[in-house]
Amino acid sequence: MSEHSPAPTSTRSVYGFVLYITNYTLLLLYLIWAYIPTPWLHALGLTYWPQKYWAVAIPVYVCCCILIFALLLYPGINLMMTPDLSSIQTITDEHARIPKPAVNGSIPPIYDIPISDVCRKLYLKRKFKNE
């Protein structure tokens, strides 16, 4: 098998199982810390825990950061990476497929439609018989 194959291997299954158990253990610890009153935790001998404020504040901060990223930063990064309309990169690039002649009666190969053909079809006025 290839080194980068998505097929399951025994190593990946072990890592996945360990991550699964770790996540549920951390979730259980978080819920215990968030919902059990502090005096009960002290009675169990668990005396050093962060304030209960952080049980609510951390998820709120994480959600706000995700929201800011999703609504502001990600679209901004994409707009910065987009070339200007006057750039030649908006017309063609190194991955463009140039049309090749096809054999008569066969299905033509896939290719990129030239921008001049697109503009001719979309924007030039057509002369109809009834005009």
Side-chain angles (χ1 to χ4, degrees):
M1 280 196 193
S2 174
E3 180 181 332
H4 300 289
S5 170
T9 62
S10 60
T11 306
R12 286 186 184 170
S13 62
V14 169
Y15 286 154
F17 181 71
V18 169
L19 285 173
Y20 177 80
I21 297 297
T22 303
N23 283 333
Y24 275 103
T25 304
L26 291 175
L27 177 65
L28 182 66
L29 284 173
Y30 171 77
L31 292 175
I32 288 171
W33 167 56
Y35 287 109
I36 293 182
T38 305
W40 291 14
L41 291 173
H42 288 286
L44 294 172
L46 304 171
T47 56
Y48 185 75
W49 288 85
Q51 295 177 0
K52 299 287 183 171
Y53 164 81
W54 294 107
V56 175
I58 290 175
V60 169
Y61 288 148
V62 168
C63 288
C64 286
C65 289
I66 291 172
L67 189 68
I68 287 171
F69 178 77
L71 294 179
L72 298 176
L73 295 178
Y74 189 68
I77 291 168
N78 283 334
L79 286 174
M80 286 175 28
M81 291 174 32
T82 304
D84 293 333
L85 287 177
S86 60
S87 172
I88 191 70
Q89 292 175 336
T90 59
I91 297 173
T92 187
D93 63 358
E94 66 272 7
H95 302 290
R97 294 179 181 234
I98 300 169
K100 297 176 184 170
V103 178
N104 287 339
S106 68
I107 298 173
I110 296 176
Y111 66 91
D112 294 330
I113 301 173
I115 192 72
S116 58
D117 291 349
V118 173
C119 290
R120 190 175 302 114
K121 276 283 198 192
L122 291 176
Y123 304 118
L124 287 180
K125 294 188 179 200
R126 298 180 189 148
K127 295 184 179 181
F128 296 105
K129 293 180 181 179
N130 295 336
E131 288 185 5

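Quick caveat, the model's predicted, so the values are computed rather than measured. Heavy-atom basis, side chains included; hydrogens, waters and symmetry copies ignored.
The main-chain N or O of Ala55 is found under 3.5 Å from a side-chain atom of Tyr30 such that the two form a donor-acceptor pair.
Using cut-offs of 30° and 60° for the angle between ring planes, the Tyr74 and Phe69 rings count as tilted.
Of all the heavy atoms in Pro108 and Ala102, the pair that sits closest is CA-CB, 4.0 Å. The shortest heavy-atom contact between Asp112 and Pro99 is O-CD, 4.4 Å. Between Thr82 and Asn78, the shortest heavy-atom distance links the atoms OG1-O, 2.7 Å. What you find for Pro50 and Trp33 is that their closest heavy atoms are O-NE1, 3.0 Å. The two atoms that bring Ser10 and Ser13 nearest to each other are O-OG, 2.7 Å, heavy atoms only. In terms of heavy atoms, Ile113 sits closest to Val118 at CG2-CG2, 3.6 Å.
Rounded to the nearest 0.5 Å, atoms OG1 (Thr25) and OH (Tyr20) are 10.5 Å apart. Atom NZ in Lys52 sits 7.5 Å away from atom CD1 in Ile36 (nearest 0.5 Å).
Residues Leu27 and Leu46 share a hydrophobic cluster, clusters being chains of Ile/Leu/Val/Met/Phe/Trp/Tyr side chains in contact below 4.5 Å. Cluster membership for Leu19 and Leu28, using ILVMFWY side-chain heavy atoms within less than 4.5 angstrom, is not shared. Both Tyr53 and Ile58 are members of a single hydrophobic cluster when ILVMFWY side chains are connected at heavy-atom separations under 4.5 Å. By the rule that hydrophobic residues join a cluster once side-chain heavy atoms approach within less than 4.5 Å of another member, Ile32 and Leu26 end up as members of separate clusters. No path of Ile, Leu, Val, Met, Phe, Trp and Tyr side chains, each step under 4.5 Å between heavy atoms, connects Leu31 with Val60, placing them in separate hydrophobic clusters.
More than 12 heavy atoms of other residues, nucleotides or ligands lie within 6.0 Å of CG in Leu44, so this atom counts as buried by the packing criterion.
With a 4.5 Å cut-off on side-chain heavy atoms, Trp49 and Trp54 do not count as touching.
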